[in-house]
Number of protein chains: 2
Amino acid sequence: MPGSIQSLERAAAVLRLLAGGERRLGLSDVASSLGLAKGTAHGILRTLQQEGFVEQEPVSGKYQLGAELLRLGNSYLDVHELRARALVWTDDLARSSGEAAYLGVLHQHGVLIVHHVFRPDDGRQVLEVGAMQPLHSTALGKVLSAFDPVAHNEVAEGELAALTDRTVTGTAEFESVLDLTRSRGWGSDLEETWVGVASVAAPVYDRRRMPVGAVGVTGAVERVCDPDGIQSRLVAAVRDCARAVSRDLGAGRF
Amino acid sequence: MPGSIQSLERAAAVLRLLAGGERRLGLSDVASSLGLAKGTAHGILRTLQQEGFVEQEPVSGKYQLGAELLRLGNSYLDVHELRARALVWTDDLARSSGEAAYLGVLHQHGVLIVHHVFRPDDGRQVLEVGAMQPLHSTALGKVLSAFDPVAHNEVAEGELAALTDRTVTGTAEFESVLDLTRSRGWGSDLEETWVGVASVAAPVYDRRRMPVGAVGVTGAVERVCDPDGIQSRLVAAVRDCARAVSRDLGAGRF
DNA sequence: GATGAAGGTCGACAATGCCGACCATCACCC
DNA sequence: GGGTGATGGTCGGCATTGTCGACCTTCATC
């Protein structure tokens with residue numbers, strides 16, 4: 001791909017570095033991590049700071065991400081059509097299922113949560129919008145991997161890290177899980193990502209019948225499962241919700 | 001300020017344009033809006049797209065903000081110390097007051113909401129983290145304008161737009177409101193931003209006793225007010241919360 | 001099939017941003 | 001106290017880099 005703007009690529013790398021690594025990094029850390037001259041790194045950081053993408057702690061001189069990113073990320077949500085259509089349906093899903101509802105899309109090598117409805121019985125819950133989940137172990141991720149070829153590529157290239165002792169880590173076994181997901185039309189996660197937590201998800205299609213995301217519910221395994229696995233009432237609720245959102249996006253009836 | 005990187009400034013302008021204006025913009029729109037040659041705008045957009053900051057609708061070729069911004073914005077929240085300290089206290093504030101609690105910081109010409117706890121009685125509520133509020137009409141904004149000199153500058157330079165017929169729009173009158181805010185140590189908004197909505201807020205200080213943000217509650221005027229104005233139990237709850245967060249940040253006792 | 005406006009490409013030119021040597025400041029410690 | 005080795009930050013010469021505007025292709029309209 002010709003003609004990428006070098007300074008922009010580097011600035012993006014700086015932002016990712018600040019997002020991923022330690023909370024705060026000094027100029028020299030940034031420069032050496034990215035293999036840049038100090039002067040170069042400083043110019044990039046100064047400009048990013050001026051634009052609000054990066055903030056500098058006055059006392060220590062360390063750099064961290066800036067508030068403008070939060071504002072822009074929020075604007076992204078405003079524009080997101082899938083999310084807009086799903087708002088009301090995921091609300092219903094959380095209410096009828098009694099569990100937390102999630103809407104996720106493929107982003108890079110994982111699932112990006114773009115909407116999250118708290119479990120109706122309140123209690124302290126952390127909002128996970130903007131967070132990433134693995135493709136190979138969560139219900140949302142498996143659904144995307146099964147139905148979206150791009151996601152399938154991503155998961156095939158990465159490795160299947162064992163997050164709990166129930167995580168599927170063998171390539172062949174994982175493919176058969178995807179086959180099952182495709183054939184029954186929904187995916188599940190039985191303590192494969194977090195111990196004690198299970199989830200169900202189903203795909204959402206756009207007007208061209210392409211998979212564009214997944215909706216699902218997540219909750220404590222004691223509530224979500226019965227002896228045979230995921231409770232069928234939850235499976236039905238999730239699939240209904242996915243169908244409703246797809247219809248709203250113009251995918252027509254199934 | 002010497003040596004800002006031109007291409008980065010332009011890329012930031014592109015992102016802001018996409019965030020602020022219409023939902024989706026074409027290449028020519030972007031180029032003409034920013035006074036750039038089409039080729040230049042295309043190079044910037046291509047790189048931003050590659051990095052995930054911008055997405056292109058395949059069918060129409062229009063550009064919109066990308067998912068990476070959401071992810072980075074979320075990372076910003078993770079790093080944000082003030083927010084981390086305030087999480088538990090704002091939770092308590094929402095529970096004890098029965099209203100939605102907010103934590104805001106100064107960003108550019110407004111208040112950026114960095115945390116939002118839903119009103120305990122559920123019901124459909126939209127999360128406002130990442131949204132901006134005006135400095136001159138909201139309780140959070142008035143508190144920041146009163147206690148933070150930088151915010152005061154910002155509000156003095158902008159104009160005091162009338163958002164409802166109770167908004168204070170005169171400079172002298174607004175200054176006396178700020179004086180009142182400073183002298184009593186908290187700010188209020190009685191239907192000055194949204195009709196039927198009132199709010200209270202108090203300042204949060206860091207370990208050097210500098211104001212770094214504001215916490216407050218917002219709700220329907222019928223619930224929040226009594227005949228004399230804001231209910232004093234809410235004022236006390238908000239101020240307690242602000243003191244607690246400040247103490248957590250190391251500001252010491254008052 | 002002409003027309004206009006869309007997104008996108010290309011190559012020449014020089015403005016631009018990069019590099020590395022250099023400064024200023026601070027903390028630590030002999 | 002003055003080395004010493006960090007740190008963040010500055011500056012100017014050089015050539016890499018990004019910019020510009022003409023040009024191409026596609027699509028919708030007339």
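Everything numeric in this text was worked out from a predicted model, so none of it was measured. Throughout, a chain's letter reflects where its sequence line sits, starting with A, and its residues are numbered from 1.
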Which atom of [X] lies closest to which atom of [Y], heavy atoms considered:
X      : Y      : answer
B:A146 : B:R182 : O-NH1, 2.6 Å
B:S33  : B:L17  : CB-CD2, 3.8 Å
A:A242 : A:A202 : CB-CB, 3.7 Å

Atom pairs, N/O to N/O, protein against nucleotides 28-30 of chain D, distance under 3.5 Å?
none

Just the rounded figure in Å: distance from [atom2] of [N] to [atom1] of [X].
X     : N      : atom1 : atom2 : value
A:L8  : D:dT19 : CG    : P     : 8 Å
B:K62 : C:dA5  : NZ    : P     : 14 Å
A:D29 : D:dG9  : CG    : C1'   : 15 Å
A:I5  : C:dT9  : CD1   : P     : 14 Å
B:E9  : C:dT16 : CD    : P     : 11 Å
B:L45 : C:dA6  : CG    : P     : 15 Å
A:L48 : C:dG17 : CG    : P     : 13 Å
B:L27 : D:dT19 : CG    : P     : 14 Å

Checklist entry - With the threshold set at 4.0 Å, does a side-chain nitrogen-carboxylate oxygen contact exist between A:E128 and B:R71? => result no

Please determine if a side-chain N or O atom of [X] lies less than 4.0 Å away from the OP1 or OP2 oxygen of [N].
X     : N      : answer
A:Q56 : D:dG9  : yes
B:H42 : C:dG7  : no
B:Y63 : C:dA6  : no
A:S7  : D:dT17 : no

Next on the checklist: Can you confirm whether A:W186 is buried at CH2, in the sense that more than 12 heavy atoms of other residues, nucleotides or ligands lie under 6.0 Å from that atom?
Outcome noted: yes

Checklist entry - Parallel, tilted or perpendicular: which describes the rings of B:F174 and B:H136, with under 30° parallel and over 60° perpendicular? => result perpendicular

Checklist entry - Do A:E9 and B:T47 come close enough that some side-chain heavy atom pair is under 4.5 Å? => result yes

Item to check | Pairwise side-chain contact, B:Y63 with B:V54, heavy-atom cut-off 4.5 Å (strictly under) | outcome: yes

Checklist entry - Roughly how bent is the helix from C:dG1-D:dC30 to C:dA14-D:dT17 end to end, in steps of 10 degrees, with each end axis from five pairs? => result 0°

Checklist outcome for this item: The ring pair (Phe, Tyr, Trp, His ring centres under 6.0 Å) partners of B:Y76 (sequence neighbours excluded) come to B:H80

Item to check | Side-chain donor-acceptor contact under 3.5 Å, A:E154 with A:H107 | outcome: no

Atom pairs under 3.5 Å, N or O on each side, protein against nucleotides 20-26 of chain D: can you list them with distances?
unit_1	atom_1	unit_2	atom_2	d
D:dC20	OP2	B:T40	OG1	2.6

Item to check | N/O donor-acceptor pair under 3.5 Å between B:T138 side chain and B:G141 backbone | outcome: yes

Collect all protein-nucleotide pairs involving nucleotides 27-29 of chain C in which both atoms are nitrogen or oxygen and the distance is under 3.5 Å.
none

Write down the protein N/O and nucleotide N/O pairs, taken from nucleotides 13-15 of chain D, whose separation is under 3.5 Å; answer none if there are no such pairs.
none

